[in-house]
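Reviewing the structure listed below.
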Number of protein chains: 2
Amino acid sequence: MSLPSMLFNALARRLSCCFPLDENDVRAVERLCAVPRRRVAARREFLREGDRPGHVHVLLEGWACHQVMLPDGRRQITAFHLPGDILWQPLGEARMDFSILALTPAIIAPIPTSALEAVAKAHPAIATALALQNRVAEAVLRRWLVNVGQRAAFERIGHLFCELHHRLHAIGLAQGNGFAFPVTQVELAEATGLTPVHVNRVLRDMRRQGLIDLENRVLRILQLRALAQHALFDPAYLEPHGHHSAAPSP
Amino acid sequence: MSLPSMLFNALARRLSCCFPLDENDVRAVERLCAVPRRRVAARREFLREGDRPGHVHVLLEGWACHQVMLPDGRRQITAFHLPGDILWQPLGEARMDFSILALTPAIIAPIPTSALEAVAKAHPAIATALALQNRVAEAVLRRWLVNVGQRAAFERIGHLFCELHHRLHAIGLAQGNGFAFPVTQVELAEATGLTPVHVNRVLRDMRRQGLIDLENRVLRILQLRALAQHALFDPAYLEPHGHHSAAPSP
DNA sequence: CGACTAGTTGAGCACACTCAAACTAAGTGG
DNA sequence: CCACTTAGTTTGAGTGTGCTCAACTAGTCG
């Protein structure tokens, strides 16, 4: 709890979850974000597969997601992003292999790649934090694959709820066990590889079991321990510090 | 075809698929790999979830895979790795969130992190190639999620075959449309989120349709175009050069 | 030769899908 | 202000893809 109170900048707050930053680092991050912001409406796809954006895109406010569309219209959401997350970082000639969509009205900081590189060079702690954040994002993606590949519908949704709660809590956006949850059931289905109808039924079951309470875009996890246990959620993959939260499988 | 004939080093060959290396770079990569090799038997899990290995692990010969095990024994393969791939790169205090298993007898080069960093600093092309390889690995992971989340069994397996053919071809390990394929049906099932029984039936159908020929650990794709079309395979995500191989969805 | 691993096939079942129809809430325009 | 639209959620009924359980074959190795 109680993040250092000076951390009003979303990126600095997020990075200091990955690696400790001193006041100097934090100020450098804040300066980095002092660029003309880009405001994006909810449900707008503001970066597209095939694009080659010239800036590092940092999400300062709101939720966003990564998605891949198949030619026949099927759609897979491959990541949810929260304030402080880096949505895309240009690298060489590489094109984006997915699109980015805002899930709420969002505020983006488009940072010149050169500026980020300069700051990373001058502040090793920031460079480390950025690399670790990237590593965690990859671990989350891997976990989603495990989810969709191995788990039943109930577990998939439960695991996703636990993951989001954990991440929101880390950046101070979860009051207790409740938090704003702007994801529709259709999007939840596209993220978990299920159909919207089935997602609805699973949510109904979770409510009946008293595990969650979800209405008006607010999700409250009533029995976090039970939900995590049922979904086989182990937050170790979200911690880049090398602490072990639980013993791995025997 | 015809890779530069001097590229006998698997890592150099792989990296030069991502970004052009000159002779100097190639020699630096070769020196980097001049460390005591680690030989691993087939089916040995040689790096485990929770470990914090001190070296960069490069696969020089053979196949390997990443896998995540759930406490109840379910297992998801999250990546296949081919010669020249980087299996794991230490970063800060981060622990591995998956295990690495050899699928054939394999040869690994454990490279000190500091040595790799020094070479990357002295050879910007190598640094770029490494970053791009990493980016491609992430794109492959994302595609696997799309596969398992959105595609039917036939498409999943077809897509995987197309991906592996493409990657093997790039490093010169596919003669025509045939290549050594050491993956068992059980492993194929664990990679695609299916059961071994169902994988078997899908393979039977593919054979009956004359799409593939798989026996004695050799896979031959008889109708690459047809298979790619049926599996909605678009290799754009495997190319870090920014070329567009096909138009994205309309 | 027995033990083990990998692959193959059959029969029956179930989890999640499809199709279809209400229903609610919020926004829009006449 | 109310009809109308649209997006999101909810429920029912029937279906099918892929799963489970089980048995059997073929190859390999000690």
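We use all heavy atoms of the structure for the numbers below, so side chains are in, but hydrogens, waters and symmetry mates are not. Proteins get letters first, then strands, A, B, ... in listed order; numbering begins at 1 in each.
Distance CZ (Arg74(B)) to C1' (dC19(D)): 13 Å, rounded to an integer number of Å. dT8(C) atom C1' lies 13 Å from atom CG of Asp205(B), rounded to whole Å. Atom CZ of Arg43(A) and atom P of dA26(C) are 15 Å apart (whole Å). Rounded to whole angstrom, the span from the CZ atom of Arg156(A) across to the P atom of dC15(C) amounts to 13 Å. Separating the CZ atom of Arg151(A) from the C1' atom of dC15(C) is a distance of 18 Å, rounded to the nearest angstrom. One can place CG of Leu194(A) at 18 Å from P of dT17(D), the figure rounded to the nearest angstrom. Distance, Asn147(A) CG to dA16(C) C1': 16 Å, rounded to whole Å. The distance between atom CD of Gln150(B) and atom C1' of dC17(C), rounded to the nearest whole Å, is 13 Å.
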Next item on the list: Begin with the C-alpha distance, continue with both residues' side-chain angles, and end with the deciding distance and a verdict on side chain to side chain contact (heavy atoms under 4.5 Å, CB included) for Val199(B) and Ile157(B).
Entry: CA-CA 8 Å; Val199(B) 166; Ile157(B) 297 176; 4.2 Å; yes
Note to self: Would Val68(B) and Arg143(A) count as a side chain to side chain contact (heavy atoms under 4.5 Å, CB included) here? Give the steps.
What the structure shows: CA-CA 8 Å; Val68(B) 173; Arg143(A) 229 63 195 188; 3.8 Å; yes
Note to self: Determine whether Glu215(B) and Arg207(B) satisfy the following criterion, salt bridge (Lys or Arg N to Asp or Glu O under 4.0 Å), listing intermediate values before the conclusion.
What the structure shows: CA-CA 11 Å; Glu215(B) 53 182 4; Arg207(B) 274 190 274 251; over 6 Å; no
Next item on the list: Mind running side chain to side chain contact (heavy atoms under 4.5 Å, CB included) on His198(B) and Thr195(B) for me, showing each step along the way?
Entry: CA-CA 5 Å; His198(B) 200 59; Thr195(B) 54; 3.5 Å; yes
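Side chains of Arg95(A) and Tyr237(B) form no contact here, defined as non-hydrogen atoms less than 4.5 Å apart. Residues Val197(B) and Gln185(B) form no side-chain contact, since every pair of their non-hydrogen atoms from C-beta on lies 4.5 Å or further apart. Inter-residue side-chain proximity for Arg151(B) and Leu232(B) is flagged as met; some heavy-atom pair is nearer than 4.5 Å.
Using modelled atom types, one finds no donor on one side chain facing an acceptor on the other under 3.5 Å when comparing Glu49(A) with Gln67(A).
Here Phe181(B) and Phe161(B) bring their ring centres to under 6.0 angstrom of each other.
Trp88(A) carries Arg135(B) over the face of its six-membered ring, with the cationic atom under 6.0 Å from the centre and within 45° of the normal.
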Each nucleotide N or O in nucleotides 9-11 of chain D that has a protein N or O under 3.5 Å away: list the pair and distance.
{"unit_1": "dT9(D)", "atom_1": "OP1", "unit_2": "Arg217(A)", "atom_2": "NH2", "d": "3.1"}
{"unit_1": "dT9(D)", "atom_1": "OP2", "unit_2": "Gln185(A)", "atom_2": "N", "d": "2.8"}
{"unit_1": "dT10(D)", "atom_1": "OP1", "unit_2": "Arg207(A)", "atom_2": "NH2", "d": "3.3"}
{"unit_1": "dT10(D)", "atom_1": "OP2", "unit_2": "Gln185(A)", "atom_2": "NE2", "d": "2.5"}
{"unit_1": "dT10(D)", "atom_1": "OP2", "unit_2": "Asn200(A)", "atom_2": "ND2", "d": "2.7"}
{"unit_1": "dT10(D)", "atom_1": "OP2", "unit_2": "Arg207(A)", "atom_2": "NH2", "d": "3.3"}
{"unit_1": "dT10(D)", "atom_1": "O5'", "unit_2": "Asn200(A)", "atom_2": "ND2", "d": "3.3"}
{"unit_1": "dT11(D)", "atom_1": "OP2", "unit_2": "Arg204(A)", "atom_2": "NE", "d": "3.3"}

Grab the N/O contacts between the protein and nucleotides 24-30 of chain D below 3.5 Å, and write none if there aren't any.
none

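At its two ends the helix from dC1(C)-dG30(D) to dG30(C)-dC1(D) runs along axes set 30° apart, each axis drawn from five pairs and the angle rounded to 10°.
Ranked by how close their nearest DNA chain C nucleotide is to the 5' end, Val199(A) and Asn216(A) are led by Val199(A).
The two residues Gln150(A) and Glu190(B) make their nearest non-hydrogen contact at NE2-O, 3.9 Å.
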